[in-house]
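Taking it in order: structure first as structure tokens, then the write-up.
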Amino acid sequence: MTMAALKTRRFFLTKETGMARYNPKEIEPKWRKRWDDDKAFLTSVDRSRPKYYVLEMFPYPSGRIHLGHVRNYAMGDVIARFKRARGFNVLHPMGWDAFGLPAENAAMQTGAHPRDWTYANIEAMKRELKQIGLAIDWSKEFATCDVRYYRWQQKLFLDFWKAGFVERRESYVNWDPVDMTVLANEQVIDGKGWRSGAAVERKKLSQWFLKITDKAEDLLAALDDGRLAGWPDNVRLMQRNWIGKSKGLQMKFRFAGGMISPDGGREVEIYTTRPDTLFGAAFIAVAPDHPLAQAYAARDKAVAAFIVECQKSGTSQEAIDKAEKKGHRLPIVVVHPFVAGRTLPVYVANFILMGYGAGAIFGCPAHDRRDLDFARKYGLDVIPVVLPPGEDPASFSIGDEPYVGPGSLYNSGFLDGLSVDDAIESAIRKIEGIGAGRASTQFRLRDWGVSRQRYWGCPIPAIHCENCGVVPVPESDLPVELPEVDASVFKTPGNPLDGLPAWRDVPCPDCAAPARRETDTFDTFVDSSWYFARFAAGREDRPVDKADADYWLPVDQYIGGVEHAILHLLYARYFARAMKATEHMSVEEPFANLFTQGMVTHATYKDAKGRWLLPEDVVIDGGKARRADNGEPVVIGPIEKMSKSKKNVVSPEEIVEKYGADAIRWFILSDSPPERDVEWTDAGAAGAWKLVARIWDTVEPFAGALKAHDLSMPPAAAEAGLRRATHQTIAAVTDDIEEFRFNKAIARIYEFLNVLKKADAADAWSRTEALSALVRLIAPFCPHLAEECWAALGGEGLVCNAVWPSAEAALLVRETVTLPVQVNGKRRAEIAVSPSADASTVEALALAEAEVRRHIGGLTVRKVVVVPGRIVNIVAT
RNA sequence: GCGGGCGUGGCGGAACCGGUAGACGCAACGGACUUAAAAUCCGUUGAGGGAAACCUCGUGGGGGUUCGAGUCCCUCCGCCCGCACCA
């Protein structure tokens, strides 16, 4: 026998008896096989029972599962198993978010085809996931890169296109000239491509857009009108900020003296949320991309040079923070709409964004930080028009700080004396009256660009024809399948689909002239925007079956990381609206309840040379860490999110090997509230293993108990104390699971176990009731152990099909309550009273208590506060 | 800069609606069993004082409301997250 084998065996043996203690390595696979054989978790529509759809965000098949996955799926599994036991028809599926760049990068590095790499990863991860013992209906599994999935995505896109949800338009993109691809903003680091390091260019490309801004108003409204009551406040807030609605005025400033700009214009349109400050206007500023700026740049080298300079300064956060407000004056002035004879200069300015509002503003330096900076730099007027409450109009002036608070208008003609809010309204009415503009609502949200110049994604079903323009691929020609390519094509930069004439060149479906396929593929966020509906109602002949989708949706409980709080969750909400409009389903809000779980963290380790070390290569002894191999000292670093770069990762597979799946599940849910980060420690996992063994040791001596005792009626001699503990635990654990307080549910189970162990003298009936409840209460957390215990006790069928225990109300009320008695707010004694005792009885008992008398000796009782069932407080002076 | 959250023993964390602060777990310490260790079981464990009974202090700091504050209000400090030149 090898040392390792010996060690492992010893782990599960006790010396005295030589008997095997609970051995998860044998027991866990046995029950997983049993669940499979029994098809225990297969789900179908069943209208006789209430449905419950629990879904965890599906994983990207990177190759290995990590503890973050385990935490996510363990939570969902607890809910799924709990809801099953509560009589719901539960849908709990799993699949793979399988398109995306990492597969192409792997192809570049290893020469493996993205498809082969992806499916191999799926196989490996599926095997690991299955070891966790999840109650999943694997028959519904798919990967988004399956043609059977993405062909229906193409169909949805065509439907959306027909229904007006799709638009093709030019837009600026981050273009990496070396990799010849578009980069997402997140992939641009300090103005350089994250992979190539090349300076990123801004390039105008025709791109496909989903017009999410059309739904901005409704997406926003649903956040606050109760439709998303089951979502965490912080996620709703993040979405609200992201959508970023602001109300204001869109208005035009006429050029003075009949001037005409090089592009033939006579006015410039701006957007403002502060029309009340119009009388304080000192300048107009337009974005470098603004048509007016571009028109001047075309004939004026200085303007052109300034614009180039603006574009050079990076788009990174740091660059924006540090960027100085800069402007370049255009040879044009505009007239003030209200003040005869006043004109305002027009600048191109680096801090104006073309993408927001009108791409142009009027600046009121007195009441805006940026405008003030700009005005001070270029020596423009600073005219205060909002007077802070209590300030004297004669002496109030603006120094280094603008005034942005409330107040009353002055220096403002017809607005004088109005509050800021009233003045905004009044100014808008006036501008509308003279035909110079209108009230306007703006959103920060931009339309969703879904084009990616990549191979490993769902092809966009469109064809470009010189005669007919862009035409949809006819539905009868779907799917547009990804063509076979040799893996070597990924070594050359650019989109491989561009270089495949045999695939790319097709006749136009309308006029039959030679045409080209769209070679862009969809952003992978498209794939993940409707997978939940496909799980519930997928069909071979349509994206989703409407009746089934309407039965299962919305997802009753969605669980995932908060990093998806904005993009994924917003896109999916939009997709549901589009799918409703195209009659694929009726639900608009796909996720009724959302839970965002915290991360799994671990201490980090560095050796003397500053190299990161894996936890498995470190030995901790008395708070000090050493290298396992050579004993050199190791520096214990901060506790951080597990990441490959810092090597503070622990492989779930190894932990399962060491402690079993139940112990991992138990520990990862026990230590922290689910929404917070949890620190993975080996000691904690070992502790969870101890608990698993302890439960088995508690249950095992009473094998067959469920056969020996009929639990349907308690005998007269049943022990009230243990029964009360049993039923109080049932009530508390039920509540805690319902409220996602897994850590508290687990603490309750520990307490109950402590009570159970001390109840040696308990009558066999009460003990059997307690054990039966215990096993069912732990089943969502430790499903394998629960099955083994259930079988040992002689329970009927599988515990995963057993009904959840219910608490008897009569056993939840206490016969007596212990009330603390305070004297002047300090606890001095306790009294035991009946819960129904009236205040005067309680007061008398409290005052009779010896300790109480001692503390009020010599004092006069001024007041006695009795809070029934809670506390007594005696005020004495 | 704007918005949100959090701060409780050596550690993770409990504490319903303002009512016994520290449940439960981890770690540590003591004991039993053992030739010994591991495992297991029993016990102790917020700080200070006291022989003990007990007493005092204690939820980031300061102040307030209240019979009573971890919880509510004001203020300061620290940490975390989101957004960010959004007009």
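Each chain gets a letter, A, B and so on, in the order its sequence line appears, and its residues count up from 1.
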Rounded P spacing from B:G4 to B:C72 in Å = 16 Å

In the structure shown, which nucleotide is the Watson-Crick or G-U wobble counterpart of B:C2, with both distances under 3.5 Å?
-> B:G82

How close or far is atom P of B:G25 from atom CZ of A:Arg665, stated in whole angstroms?
-> 21 Å

Output the single nucleotide from B:A87, B:G12, B:A14 whose closest atom is nearest the side chain of A:Pro673.
-> B:A14

If we take the C1' atom in both B:G18 and B:G68, what is their distance in whole Å?
-> 8 Å

Can you tell me the pairing partner of B:C17 across any strand shown, Watson-Crick or G-U wobble, with both distances under 3.5 angstrom?
-> none

From the options B:G4, B:G13, B:U20, select the nucleotide whose nearest atom is closest to the side chain of A:Ser672.
-> B:G13

Quick one: do A:Leu774 and A:Ile778 satisfy side chain to side chain contact (heavy atoms under 4.5 Å, CB included)? Show the steps, please.
-> CA-CA 6 Å; A:Leu774 173 71; A:Ile778 62 162; 4.2 Å; yes

Nearest 0.5 Å please: distance from the CG atom of A:Leu67 over to the CD1 atom of A:Ile655.
-> 6.5 Å

Full working for salt bridge (charged side-chain N to carboxylate O under 4.0 Å, His left out) between A:Asp373 and A:Lys377 = CA-CA 6 Å; A:Asp373 292 347; A:Lys377 182 166 168 130; over 6 Å; no

Describe the nucleic acid contact of A:Arg862 in one word from base, sugar-phosphate, nothing, applying a heavy-atom distance below 4.0 Å.
-> nothing

Looking only at B:C83, B:C85, B:C26, the nucleotide nearest the A:Lys690 side chain is B:C26

So what does A:Gln822 touch, heavy atoms closer than 4.0 Å: a base, only the sugar-phosphate, or nothing?
-> base

Is there a side chain to side chain donor-acceptor pair (under 3.5 Å) between A:Asp677 and A:Thr601 once you walk through the steps?
-> CA-CA 7 Å; A:Asp677 291 352; A:Thr601 62; 5.7 Å; no

Between A:Arg862 and A:Thr877, do the side chains contain an N or O donor and an N or O acceptor separated by less than 3.5 Å?
-> yes

B:A15 to B:C29 separation - P atoms, rounded to the nearest Å = 30 Å

Side-chain N or O of A:Tyr356 less than 4.0 angstrom from OP1 or OP2 on B:A87?
-> yes

For the side chain of A:Glu830, counting heavy atoms from C-beta on, which of B:C67, B:A87, B:U20 is nearest?
-> B:U20

Just checking A:Leu353: base, sugar-phosphate only, or nothing, at a heavy-atom cut-off of under 4.0 Å?
-> base

Reckon A:Thr681 touches a base, only the sugar-phosphate, or nothing at all at heavy-atom distances under 4.0 Å?
-> nothing

Checking all strands, does A:Ile352 fall into the base, sugar-phosphate, or nothing category for heavy-atom contacts under 4.0 angstrom?
-> base

Any side-chain donor-acceptor pair under 3.5 Å between A:Tyr659 and A:Asp682?
-> yes

To the nearest Å, how far apart are A:Trp666 CH2 and B:G12 C1'?
-> 16 Å

B:G78: syn or anti, per glycosidic angle within 90° of 0 = anti

Can you tell me the Watson-Crick or wobble partner of B:C72, both distances under 3.5 angstrom?
-> B:G64

Could you measure between the two P atoms, the one in B:A36 and the one in B:U44, and give it in whole Å?
-> 26 Å

Between CG of A:Leu691 and C1' of B:A39 the distance, given in whole Å, is 16 Å

Counting side-chain heavy atoms from C-beta on, which of B:C24, B:C67, B:C26 comes nearest to A:Lys863?
-> B:C67

Partner of B:G7 under the Watson-Crick or G-U wobble criteria, both distances under 3.5 Å, comes out as B:C77

What about A:Lys325: does its side chain form a donor-acceptor pair under 3.5 Å with the base of B:C85?
-> yes

Quick one: does A:Asn873 reach the base of B:C67 with a side-chain donor-acceptor pair under 3.5 Å?
-> yes

Classify the nucleic acid contact of A:Asn754 as base, sugar-phosphate or nothing, counting any heavy atom under 4.0 Å across all strands shown.
-> sugar-phosphate

Go through A:Arg694 and A:Tyr22 one step at a time and tell me if the side chain to side chain contact (heavy atoms under 4.5 Å, CB included) criterion holds.
-> CA-CA 9 Å; A:Arg694 227 167 100 204; A:Tyr22 185 78; over 6 Å; no

Separation of B:G13 C1' from A:Ile668 CD1 (nearest whole Å) | 16 Å

Looking at every strand, decide which applies to A:Val875 at a 4.0 Å heavy-atom threshold: base, sugar-phosphate, or nothing.
-> sugar-phosphate

B:G12 to B:G7 separation - P atoms, rounded to the nearest Å = 12 Å

Pick the nucleotide of RNA chain B nearest each of A:Ile874 and A:Ala360; which residue has the one closer to the 5' end?
-> A:Ile874

Reported CG-to-CD distance for the pair A:Leu220 and A:Gln239, which is rounded to 0.5 angstrom = 10.0 Å

Remember a base hit wins even if backbone is also touched, and classify A:Arg369 as base, sugar-phosphate or nothing at under 4.0 Å, heavy atoms.
-> nothing

Please check the phosphate of B:A14 (OP1 and OP2 only) for any side-chain N or O of A:Asn743 closer than 4.0 Å.
-> yes

B:C24 -> Watson-Crick or G-U wobble partner, both distances under 3.5 Å, gives B:G12

Distance in angstrom units between A:Phe742 CZ and B:A23 P, rounded | 24 Å

Within the structure shown, what part of the strands sits under 4.0 Å from A:Thr272 by heavy-atom distance: base, sugar-phosphate, or nothing?
-> sugar-phosphate

Which whole number of Å gives the distance between the P atom of B:G70 and that of B:G62?
-> 13 Å

Parallel, tilted or perpendicular: which describes the rings of A:Tyr347 and A:Phe374, with under 30° parallel and over 60° perpendicular?
-> perpendicular

Do the rings of A:Phe740 and A:Phe742 sit parallel, tilted or perpendicular, given the 30° and 60° boundaries?
-> tilted

Both distances under 3.5 Å, Watson-Crick or G-U wobble: report the partner of B:U35, or none.
-> none

Looking at B:A84, B:C24, B:G82, which one has an atom nearest to any side-chain atom of A:Tyr750?
-> B:C24

Verify, without hydrogens or angle tests, whether A:Thr681 (side chain) and A:Gly684 (backbone) share a donor-acceptor contact under 3.5 angstrom.
-> yes

Protein-to-nucleotide contact annotation, 5' to 3' order, nucleotides 52-60 of chain B [B base; S sugar-phosphate only; - none; under 4.0 Å, heavy atom] = --SSSS---

Atom CZ of A:Arg741 to atom C1' of B:C24: distance rounded to whole Å?
-> 15 Å

Contact class for A:Arg676 vs. all strands (heavy atom < 4.0 Å): base, sugar-phosphate, or nothing?
-> sugar-phosphate

Please measure how far the C1' atom in B:G22 lies from the corresponding atom in B:A14, and state the result in whole Å.
-> 7 Å

Side chain to side chain contact (heavy atoms under 4.5 Å, CB included) between A:Val861 and A:Val875: does it pass, once the steps are laid out?
-> CA-CA 6 Å; A:Val861 175; A:Val875 185; over 6 Å; no

Integer angstrom distance from the P of B:G46 to that of B:C11 = 13 Å

With a 3.5 angstrom cut-off on both distances, give the Watson-Crick or G-U wobble partner of B:G48, or none if there isn't one.
-> B:C55

In whole Å, what is the span from the CG atom of A:Asn824 to the P atom of B:A69?
-> 12 Å

Is B:C76 in the syn range, within 90° of 0, or in the anti range?
-> anti

